Protein chains: 2
Amino acid sequence: MSDMRAKMEDITNKLKSNNIRLSHQRLKVLEYLDHNRIHPTVEQIYEGLHDEIPTLSKTTIYNTLNALTESGLVKVLTIEDNETRYDIRTDAHGHFKCTACGEIYDFEVNMDSLEIQGLNGFRVYSRDMYFSGICPKCMEQE
Amino acid sequence: MSDMRAKMEDITNKLKSNNIRLSHQRLKVLEYLDHNRIHPTVEQIYEGLHDEIPTLSKTTIYNTLNALTESGLVKVLTIEDNETRYDIRTDAHGHFKCTACGEIYDFEVNMDSLEIQGLNGFRVYSRDMYFSGICPKCMEQE
DNA sequence: ATACAAACTTGTAATGATTACAACTTAATT
DNA sequence: AATTAAGTTGTAATCATTACAAGTTTGTAT
């Protein structure tokens, strides 16, 4: 179990500094992201919360995710076009997508170990790594 | 100037093995990608070729790019949602997008230098790296 | 507590990229 | 030259996302 008190404090602080209110709907979206670490799409979030909040609108989910992204509380994953995904993990890590089952796995990366050339004089703010292939589970089933 | 003869031979071979014909339109799309190394969108390709081939349809460009992607002759870049881009460079390299001017730069990467954890037992087929920040040109103008 | 203003939610409509489809055209093969 | 598979094109359909406007909630100042 994670330390919810510290987490909530962090959340409210980040939101306050961006003049964003933590409404009931937004709290539920954050809760969904925290409990379902599957890098969900808007559709998945919508389906997941629909039973609990039948009036919840997709527009609100989009609005919420955009607000949370601007506040730095969630990260956008653009692994493939046509399926924007959202990640509540905001520290540096990589993503692997299995082309067989579609699942997205996290992996740990030492970004500083990477040997690169051609970015002298560039100011780098974000570094994203997307791998793809076959996950162990799907390799077994072949 | 690149060795066009060898390149064309490589192209026709790859297409033949996939039962894909190298039509006039497809040749022009390839030529555009070769001469305009800007990781263009479909819209940019369409605009760029419209004067020369007024009858060219966007559907053909989509069809062509999908066929070339399946044959491995071009790579799809999904840096941000809502702007699929195409790259004629198919060797391993990274992409940097300047958030100020929007330009996408290539950079060289030694993929094997990367220290990662959590992918034991995974079969990795592709490794994409997307960086973003400010390019030197835009830093000057501040 | 009350009132006000700013922020939020929601449903519907608009947008924009991509794909589906069907009729017609082109190209490779016998 | 005939046949057949593949390609092209314009239009319509699809789907994710955003725009918008009306009503609702929340925080703050009085």
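Chain naming here is simple, since letters A, B, ... match the order of the sequence lines and numbering starts at 1 in each. Remember, predicted model here, so these are calculated numbers, not experimental data.
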Which comes earlier along DNA chain D counting from the 5' end, the contact point of Leu22(B) or that of Lys58(B), where each point is its nearest nucleotide?
Leu22(B)

Please confirm whether the shortest side-chain N or O distance from Arg26(A) to OP1 or OP2 of dC8(C) is below 4.0 Å.
yes

Members of residues 39-52 of chain A that approach DNA chain D, where some heavy atom sits under 4.0 Å away
none

Listed pairs under 3.5 Å, donor-acceptor, residues 46-55 of chain B side chains, sequence neighbours left out:
| unit_1 | atom_1 | unit_2 | atom_2 | d |
| --- | --- | --- | --- | --- |
| Glu52(B) | OE2 | Lys28(B) | NZ | 2.8 |

Nucleotide dT17(D), atom P - distance to CD of Glu80(B) in whole Å
14 Å

Side-chain N or O of Thr84(A) less than 4.0 angstrom from OP1 or OP2 on dT17(D)?
yes

Under a plain distance cut-off of 3.5 Å, with no hydrogens placed, do Ser126(B) and Ser132(A) share a side-chain donor-acceptor pair?
yes

OP1 or OP2 of dG10(D) under 4.0 Å from side-chain N/O of Thr59(B)
no

Starting from P on dT9(C), measure out to CD on Gln25(A) and report it in whole angstrom.
5 Å

Below the 4.0 Å mark, does dT18(D) have OP1 or OP2 next to a side-chain nitrogen or oxygen of Asn66(A)?
yes

If I take atom CZ in residue Arg85(B) and atom P in nucleotide dA17(C), what distance separates them, rounded to the nearest angstrom?
12 Å

Atom-pair distance (CZ on Arg21(B); P on dA6(D)), nearest Å:
7 Å

If you compare every side-chain N and O of Asn82(A) against the phosphate oxygens of dT18(C) (OP1, OP2), does one of them come in below 4.0 Å?
no

Using a cut-off of 4.0 Å on non-hydrogen atoms, how would the nucleic acid contact of Ser23(B) be classed: base, sugar-phosphate, or nothing?
sugar-phosphate

Nearest whole angstrom, please: distance from the P of dT18(D) to the CD of Glu83(B).
13 Å

Rounding to an integer number of Å, can you tell me how far His24(B) NE2 sits from dA27(C) C1'?
14 Å

Gap between atoms CD and C1', on Glu70(A) and dT18(D) respectively (whole Å)
14 Å

Would you call Arg89(B) and Glu108(B) a salt bridge, using N to O less than 4.0 angstrom?
yes

Between Lys97(A) and Glu80(A) the two heavy atoms that sit nearest each other are NZ-OE1, 2.7 Å

Is Val124(B) reachable from Met129(B) through a run of I, L, V, M, F, W or Y residues, each pair having side-chain heavy atoms under 4.5 Å apart?
yes

At under 4.0 Å, does any side-chain N or O of Asn63(B) touch on OP1 or OP2 of dG7(D)?
no

Can Asp128(A) and His95(A) be counted as having a side-chain donor-acceptor contact under 3.5 angstrom?
no

Closer than 4.0 Å, any side-chain N/O of Ser57(A) to the OP1 or OP2 of dT9(C)?
no

Any idea which heavy atoms bring Ile104(B) and Arg85(B) closest together, and the distance?
CD1-CD, 3.2 Å

To the nearest angstrom, the CG-C1' distance between Leu27(A) and dT9(C) comes to 16 Å

Does Tyr62(B) make a side-chain N or O approach to OP1 or OP2 of dT18(C) shorter than 4.0 Å?
yes

Return no unless some side-chain N or O of Thr55(B) is found under 4.0 Å from OP1 or OP2 of dT9(D).
yes

Any carboxylate oxygen within less than 4.0 angstrom of a Lys/Arg side-chain nitrogen, looking at Asp112(A) and Arg127(A)?
yes

